[in-house]
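As the structure lists them, so they are numbered: ligands from 1, and atoms in each ligand from 1.
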Amino acid sequence: RESEQQRYTDFPRKNDLWELERRNLIIYEDGKLGSGAFGAVYKGKLIGKANGSKDARSTLGVNLMRVENCEVAVKMLPEYADELSKSEFLREIALMKTLGYHERLVNMLACITESEPYCLVVEYCSDGDLLHFLRERCKYMLKLDEQQIDYSSPECEAEFDREMIMTVKQLLMFAVQISYGLEYLSQKGFVHRDVAARNVLVHQKQYAKIGDFGLCRFIYAESANYKSKGGRLPIKWMSPEAIRHYEFTAKSDVWSFGILMFEIITLGGTPYPGIQPDDILTYLESGCRMQQPDNCPDDYYSVMKSCWTTSLDERPDFSFIRQRLAQQLERIT
Ligand code: ADE
């Protein structure tokens with residue numbers, strides 16, 4: 001843990017290749033994209049190339065072609081934020097610099113930490129978070145059902161927005177994409193600790209990217225764990241060992257991914273409906289698991305349920321999960 005602490009203490013750094021000059025960033029303050037634990041996320045635009053960060057990014061393999069004059073999302077900490085929030089935010093920025101580039105992550109592009117307000121500049125995802133994205137489509141499809149419009153029939157002549165119809169194939173595609181991203185993270189030695197549909201962003205209606213690395217930690221190896229001190233954590237997404245002992249590993253991310261698979265296949269359903277978060281641990285330790293949702297394919301449910309194996313050794317890893325889901329997708333295609 002000491003060396004981890006050290007990684008995050010040399011802030012703010014002068015001559016940091018990720019550092020952006022404030023005049024090279026436009027923030028649309030009326031374009032609020034969301035608000036997190038601290039600060040808010042705004043839509044923005046990079047002017048020219050991110051000054052000087054070229055070397056840093058090419059080292060990490062970021063595709064520079066698309067970084068100039070592009071739309072971005074800016075997470076900004078208000079100047080009046082307390083010292084703890086500020087250091088947590090700087091830690092998140094430091095961690096993101098070490099993640100490396102991956103298509104299935106909401107990648108960092110630049111930051112401003114030489115003066116306040118601190119900013120973290122990341123890739124912009126045009127369709128917001130996956131939870132809202134799915135719920136919107138769920139509502140739309142239910143409305144068509146109410147009007148007795150059979151949108152699944154190719155002969156259906158009623159007018160409706162085909163893009164709003166989610167097929168099992170599209171849902172499986174989201175799950176496969178996210179599993180690629182999480183496989184990458186776990187292989188690099190990171191635990192995300194907040195794997196959930198609200199933290200996945202959607203771009204151009206079909207690409208899922210893992211975002212919000214506020215709780216993400218480097219744990220050196222896939223089998224190592226991060227011992228948290230508790231705090232506000234999403235109980236219904238957590239594994240029993242994470243709830244009971246605050247033990248976070250790549251395998252606890254796997255458990256959360258199973259819950260995320262449930263959210264996907266139910267188009268934004270809430271896990272364990274009718275059960276209070278305080279009762280979840282007892283529920284799980286008595287051996288209960290969520291049932292197969294309506295319209296959920298058997299092989300999809302089988303992967304989802306395997307994520308909820310109590311034993312860490314028997315719980316599959318992300319490579320295995322990614323392979324199984326990719327095979328299922330191949331069979332549909
Ligand atoms: N909301 C939070 N982060 C976002 C991003 N990167 N793109 C779009 N909306 C967001």
Side-chain angles (χ1 to χ4, degrees), residues 18 20 24-47 50 53 57 60 62-78 81 85 88-113 117-137 163-164 174 177-178 180-182 184-185 190 192-216 232 234 237 256 260 263-264 268:
W18 290 93
L20 187 69
N24 288 331
L25 179 65
I26 296 177
I27 298 175
Y28 304 110
E29 304 227 14
D30 55 349
K32 210 182 217 182
L33 298 171
S35 42
F38 31 75
V41 181
Y42 299 93
K43 192 170 174 178
K45 193 173 178 183
L46 279 185
I47 303 304
S53 53
R57 277 192 261 105
L60 290 160
V62 172
N63 183 350
L64 277 166
M65 306 306 287
R66 286 171 296 144
V67 173
E68 291 179 41
N69 289 317
C70 64
E71 287 179 318
V72 293
V74 185
K75 191 165 171 179
M76 187 163 60
L77 198 62
S85 312
E88 274 293 301
F89 189 51
L90 291 177
R91 172 202 176 93
E92 179 181 349
I93 292 173
L95 182 131
M96 288 202 72
K97 290 177 182 174
T98 68
L99 282 183
Y101 178 87
H102 193 273
E103 276 291 336
R104 300 277 64 85
L105 305 184
V106 179
N107 293 287
M108 173 176 176
L109 300 174
C111 62
I112 301 175
T113 58
Y118 297 148
C119 293
L120 167 61
V121 183
V122 300
E123 291 174 318
Y124 173 70
C125 301
S126 57
D127 300 291
D129 73 85
L130 181 61
L131 185 62
H132 284 95
F133 182 87
L134 292 173
R135 286 184 174 171
E136 224 175 80
R137 277 144 190 84
E163 281 201 335
M164 291 296 278
F174 282 138
Q177 291 178 3
I178 299 162
Y180 268 104
L182 291 170
Y184 171 80
L185 276 186
F190 292 94
H192 186 281
R193 297 203 302 150
D194 204 2
V195 173
R198 61 184 170 276
N199 290 328
V200 172
L201 293 169
V202 181
H203 190 50
Q204 296 173 340
K205 298 195 162 60
Q206 50 178 329
Y207 304 110
K209 282 167 163 281
I210 300 161
D212 205 329
F213 295 92
L215 289 176
C216 189
R232 287 178 305 109
W237 280 257
S256 312
L260 168 55
E263 295 182 277
I264 291 174

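- Using a distance-only test at 3.5 Å, with no hydrogens or angles considered, a donor-acceptor pair links the side chain of His192 to the main chain of Gly211.
- Asp212 places a side-chain heavy atom less than 4.5 Å from the side chain of Lys75.
- Without hydrogens or angle criteria, His203 side chain to Ser126 main chain gives a donor-acceptor distance under 3.5 Å.
- The main-chain N or O of Asp194 is found under 3.5 Å from a side-chain atom of Asn199 such that the two form a donor-acceptor pair.
- In this structure, Asp127 contributes its side chain and Gln204 its backbone to a donor-acceptor pair below 3.5 Å.
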What are the polar N/O contacts of ligand 1 with the protein below 3.5 Å, with distances?
{"from": "ligand 1", "atom 1": "6 (N)", "to": "Glu123", "atom 2": "O", "distance (Å)": "2.8"}
{"from": "ligand 1", "atom 1": "7 (N)", "to": "Cys125", "atom 2": "N", "distance (Å)": "2.9"}

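- Partners of Tyr184 under the ring pair (Phe, Tyr, Trp, His ring centres under 6.0 Å) rule, at least two apart in sequence or in another chain, are His102.
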